[in-house]
Amino acid sequence: MNVATYFEASGTAHAIGCAIGKAFAGQIRELVRHKRVALQVDTSAGRQAVDVAGGMLVSICHRVAPYLLEEMRGYANGAEVPFDDIVLLNCGDEARNLLNTGAPMDGCTAVAIGSGRTGNGLLAGQSKDGPPFQAQYLIVLLTRCNNRPALLQLCYPGMLALIGLSDTGMTLFTNQIHDHTNHVDGLPVMVFKRLAWECDLLDQVEALLQRRGAATAANYTFASADGRACCFEVRGNEYVRIDMADDLLVHTNHYLAPHLQG
């Protein structure tokens, strides 16, 4: 059984990135190496997919979340790796869908159980069922960025987001959906997660999706401090909200909404 390392960082976005990059430089380099293989970066198709997906990520960050660019530059500086390597780590969902490899997905399951079933408030969580080799790189990370909500994540060093919660009370879990949908003007997975953690209410997360859309296919299960939970199934600029039924919500790696299935 692997026990994830716990790490804390605070300050500016760049300072947080530098601290994480320095502390986990070896793991970041290994993750980059694995990601290069998974995304076939040594082929013309793989390189093109990464270039397009990475360009989407950087462009969106410039427009809506420049502090995330500073955090990624911090990772690169701290780990002493090229900035493009950090972009590669953070655009994998979009690059994989552009490449359309049919490669194995994560097989996570997310669940939310309301107070009517628990008798003691909302419970929410997920299994983390990725490729076995990745488990050794997972860390538990607490970050306190200036003027941003604090975040507690189970994540991979060098990546902006995976699963966890913020001190707004917003909790986020994800399931991959292998749909090969890409919406170039939508929010990449990493950016959407980070912006969603700044929301207090599920309706605010939905408004973010309505306003920006998502870059690729996925399911996101959210729980908020007011005891509510829902899923947002997204496919590019389309999404469906699924609320708890009878105080229960479970999601795996396929769409539940009929009109998104195919």
Residue of the set Asn175, Leu172, Ile242 for which side chain to side chain contact (heavy atoms under 4.5 Å, CB included) holds with Thr221: Asn175

Measure the spacing between CD1 of Ile86 and OH of Tyr75 and express it to the nearest 0.5 Å. 8.0 Å

Just so I know, are the side chains of Val81 and Val32 near enough to count as touching, which here means a heavy-atom distance under 4.5 Å? no

Common cluster, Leu69/Val64, ILVMFWY with side-chain heavy-atom separation under 4.5 Å: yes

Can a donor-acceptor pair be found, under 3.5 Å and without considering hydrogens, that links the side chain of Asn90 to the backbone of Leu160? yes

Report yes or no: do Phe222 and Leu201 belong to one cluster of Ile/Leu/Val/Met/Phe/Trp/Tyr joined by side chain heavy-atom distances under 4.5 Å? no

Go through the steps to decide whether Glu30 and Gln136 satisfy the test side-chain contact (heavy atoms from CB on, under 4.5 Å), and finish with yes or no. CA-CA 11 Å; Glu30 283 295 300; Gln136 64 186 304; over 6 Å; no

Out of curiosity, does Leu99 fall in the hydrophobic cluster containing Val37 (side-chain heavy atoms, cut-off under 4.5 Å, transitive links)? no

Decide yes or no on side chain to side chain donor-acceptor pair (under 3.5 Å) for Tyr156 and Gln27, but give the supporting numbers first. CA-CA 9 Å; Tyr156 300 106; Gln27 293 94 319; over 6 Å; no

Main-chain N/O of Leu142 paired with Gln153 side-chain donor or acceptor, under 3.5 Å: no

From the list Val205, Val234, Thr216, side chain to side chain contact (heavy atoms under 4.5 Å, CB included) with Phe192 holds only for Val205

Which heavy atom of Leu151 sits nearest to which heavy atom of Ser166, and what is that distance? CD2-CB, 3.4 Å

Kindly say whether Leu260 contributes a backbone atom to a donor-acceptor pair with the side chain of Arg235 at under 3.5 angstrom? yes

So if you build clusters from Ile, Leu, Val, Met, Phe, Trp, Tyr with side-chain heavy-atom gaps below 4.5 Å, do Val111 and Leu162 land together? no

Is a side-chain donor or acceptor of Asp93 paired with a backbone partner of Val189 at a separation under 3.5 angstrom? no

Between Trp197 and Ala161, the two heavy atoms sitting closest are CZ3-CB, 3.6 Å

Give a yes or no answer on whether the side chain of Glu233 reaches the backbone of Ala257 with a donor-acceptor pair at less than 3.5 Å. yes

I'd like to know if the side chain of Asp226 and the backbone of Arg228 have a donor-acceptor N/O pair within less than 3.5 Å. yes

Side-chain donor or acceptor of Asp243 paired with backbone N/O of Cys230 under 3.5 Å: no

Does any non-hydrogen side-chain atom of Tyr67 lie less than 4.5 Å from one of Asn147? no

Tell me the closest heavy-atom pair linking Thr174 and Tyr220, and the distance in Å. CG2-CD2, 3.4 Å

Answer whether the closest heavy-atom distance between the side chains of Glu238 and His259 falls below 4.5 Å. yes

Single-linkage hydrophobic cluster, 4.5 Å side-chain cutoff, Phe232 and Val250 together: no

Decide yes or no on side-chain contact (heavy atoms from CB on, under 4.5 Å) for Leu88 and Asp84, but give the supporting numbers first. CA-CA 6 Å; Leu88 172 71; Asp84 285 350; over 6 Å; no

To the nearest 0.5 Å, tell me how far Ser224 OG sits from Asp200 CG. 9.0 Å

Pairwise side-chain contact, Arg212 with Val191, heavy-atom cut-off 4.5 Å (strictly under): no

If every non-hydrogen atom of Ile113 is compared with every non-hydrogen atom of Leu122, which pair is closest and at what distance? O-CD1, 3.2 Å

Interatomic spacing from CD in Gln210 to CG in Asp203 - rounded to 0.5 Å: 9.0 Å

Please report the shortest heavy-atom distance between Thr168 and Cys199, naming the atom on each side. OG1-O, 2.7 Å

Working to the nearest 0.5 Å, report the span between CG of Leu141 and CD1 of Ile20. 4.5 Å

Could you report the tightest heavy-atom contact between Ser127 and Cys108, atom names first, then the distance? O-CB, 3.2 Å

Before you tell me yes or no, could you show the steps for His254 and Gln261 under side-chain contact (heavy atoms from CB on, under 4.5 Å), namely the whole-Å CA-CA distance, both residues' side-chain angles and the distance that decides it to 0.1 Å? CA-CA 8 Å; His254 60 278; Gln261 295 171 5; 5.5 Å; no

Would you check, one step at a time, whether the test side-chain contact (heavy atoms from CB on, under 4.5 Å) holds for Arg117 with Leu248? CA-CA 8 Å; Arg117 288 179 179 266; Leu248 185 64; 3.7 Å; yes

Distance (rounded to the nearest 0.5 Å) between His251 NE2 and Ile177 CD1: 5.0 Å

With salt bridge (charged side-chain N to carboxylate O under 4.0 Å, His left out) as the test, pick out the partner of Asp85 among Arg33, Arg29, Arg36, Arg73. Arg36

For Glu8, does the CD atom sit with more than 12 other heavy atoms under 6.0 Å from it, leaving out its own atoms? yes

Euclidean distance, Leu57 CG relative to Met72 CE, rounded to 0.5 Å: 4.5 Å

